[in-house]
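Residue indices begin at 1 and follow the sequence shown. Note that this is a predicted model, so its numbers are computed, not measured. Note that these values count all heavy atoms, side chains included, but never hydrogens, waters or copies made by symmetry.
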Amino acid sequence: MAYLLQVDFKMDGPFGNEMSEGFKDLALSINEEEGFLWKIWTEDAQAKEAGGIYLFKTKETAQSYLSMHSARLASFGITDIRDKIFEINEALSTINNGPIQK
């Protein structure tokens, strides 16, 4: 069973291409996290918000990543972090072309 982690927070930037360039090493490092399957990066420059939607193999690996990531964000001065972990309904998600991996 896969688990989705949703994270978002207030951030002053960078956004767009500058974000893509500035966070490339971070993006590459996320690929090495235990249980990680994929991430969709989210941003809203106008609202000054950023975050991501992640898929992990287990609830435990999602929670472990969230704990580490929250500490990392806090080290950047970001403390108002909203997060939620959901169990994926794979049968229904597959019907709607959800990118479920195991």
Student: Can you tell me if NZ on Lys59 sees more than 12 non-hydrogen neighbours from other groups inside 6.0 Å?
Tutor: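 Result for NZ/Lys59: open.
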
Student: Heavy atoms only: give me the nearest Ala47-Lys10 pair and the separation to one decimal.
Tutor: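 Closest approach of Ala47 to Lys10, heavy atoms only: O-NZ, 3.2 Å.
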
Student: For Gly98, is there any backbone N or O sitting under 3.5 Å from a side-chain donor or acceptor partner on Asn96?
Tutor: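 No.
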
Student: What is the distance from atom CG of Asp83 to atom CG of Asp8, rounded to the nearest 0.5 Å?
Tutor: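 Going from the CG atom of Asp83 to the CG atom of Asp8 covers 9.0 Å.
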
Student: Phe9 vs Arg82, test: side chain to side chain contact (heavy atoms under 4.5 Å, CB included). Steps then yes/no.
Tutor: CA-CA 6 Å; Phe9 45 86; Arg82 295 176 298 268; 5.8 Å; no

Student: Would you check if Lys84 and Leu4 make a side-chain contact, meaning some heavy-atom pair closer than 4.5 Å?
Tutor: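 Answer no - side chains too far apart.
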
Student: Ring centroids only, cut at 6.0 angstrom: are Tyr65 and Tyr54 within range, meaning strictly under it?
Tutor: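 Yes; Tyr54 has its ring centre under 6.0 Å from that of Tyr65.
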
Student: Can you list the steps and then say if Leu5 with Ile53 is a side chain to side chain contact (heavy atoms under 4.5 Å, CB included)?
Tutor: CA-CA 6 Å; Leu5 168 62; Ile53 307 294; over 6 Å; no

Student: Are any non-hydrogen side-chain atoms of Gln63 and Ile85 less than 4.5 angstrom apart?
Tutor: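 Sidechains of Ile85 and Gln63: in contact.
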
Student: Please assess Phe56 against Phe36 for the test side chain to side chain contact (heavy atoms under 4.5 Å, CB included), listing each intermediate value before the final yes or no.
Tutor: CA-CA 5 Å; Phe56 285 89; Phe36 173 79; 3.9 Å; yes

Student: Using 0.5 Å steps for rounding, measure from the CD atom of Glu49 to the OG1 atom of Thr42.
Tutor: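 Rounded to the nearest 0.5 Å, the CD-OG1 separation comes to 8.5 Å.
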
Student: Looking only at non-hydrogen atoms, find the nearest pair between Pro99 and Trp38 and report the distance.
Tutor: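 For Pro99 and Trp38, the tightest heavy-atom pair comes out as O-NE1, 2.7 Å.
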
Student: Run the numbers on Ser67 and Ser70 for side-chain hydrogen bond (donor to acceptor under 3.5 Å, both in side chains), then give the verdict.
Tutor: CA-CA 5 Å; Ser67 296; Ser70 295; over 6 Å; no

Student: Where do Ile88 and Met1 land on the side chain to side chain contact (heavy atoms under 4.5 Å, CB included) test, with the steps shown first?
Tutor: CA-CA 7 Å; Ile88 299 292; Met1 173 115 3; 5.6 Å; no

Student: Shortest non-hydrogen contact from Ala2 to Glu90?
Tutor: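 Ala2 and Glu90 have their closest heavy atoms at N-OE2, 3.2 Å.
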
Student: Hey, is the main chain of Thr61 close enough, under 3.5 Å, to the side chain of Ser64 for a donor-acceptor pair?
Tutor: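 No; zero donor-acceptor contacts below 3.5 Å.
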
Student: Quick check on the hydrophobic clustering: are Ile95 and Phe86 connected, directly or via other members, by side-chain heavy-atom contacts under 4.5 Å?
Tutor: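 They do not share one cluster, since no chain of ILVMFWY contacts under 4.5 Å joins Ile95 to Phe86.
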
Student: Between Glu43 and Lys48, is there a salt bridge with N-O shorter than 4.0 Å?
Tutor: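 Between Glu43 and Lys48 there is no salt bridge, as every charged N stays at least 4.0 Å from the carboxylate O atoms.
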
Student: Could you grab the distance from atom NE2 of His69 to atom CD1 of Ile78, nearest 0.5 Å is fine?
Tutor: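 It comes to 8.0 Å.
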
Student: Quick one: closest heavy-atom pair of Thr58 and Tyr3, and the distance?
Tutor: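 The answer is C-CD1, 3.5 Å.
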
Student: Under a 4.5 Å side-chain heavy-atom rule over Ile, Leu, Val, Met, Phe, Trp and Tyr, are Leu92 and Leu37 clustered together?
Tutor: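 No, it is not one cluster - the side chains of Leu92 and Leu37 are not joined through contacts under 4.5 Å.
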
Student: Grouping I, L, V, M, F, W and Y whenever their side-chain heavy atoms are under 4.5 Å apart, do Ile30 and Leu28 come out in a common cluster?
Tutor: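 Different clusters: Ile30 never reaches Leu28 through Ile, Leu, Val, Met, Phe, Trp or Tyr contacts under 4.5 Å.
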
Student: Taking the side chain as every heavy atom from C-beta outward, state whether Met19 and Trp41 have any atom pair closer than 4.5 Å.
Tutor: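 When only atoms from C-beta onward are counted, Trp41 and Met19 do touch, with a gap below 4.5 Å.
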
Student: Are the side chain of Ser93 and the backbone N or O of Asn89 linked by a donor-acceptor pair below 3.5 Å?
Tutor: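 Yes.
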
Student: Taking atom CG of Asp25 as the centre, report whether more than 12 heavy atoms of other residues, nucleotides or ligands fall under 6.0 Å from it.
Tutor: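 Count not over threshold, so no.
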
Student: Can you tell me how far apart CG (Leu73) and CE (Met68) are? Round to the nearest 0.5 Å.
Tutor: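 Nearest 0.5 Å value for the CG-CE distance: 9.0 Å.
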
Student: Could you report the tightest heavy-atom contact between Arg72 and Ser75, atom names first, then the distance?
Tutor: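 Heavy-atom minimum between the residues: O-OG, 2.6 Å.
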
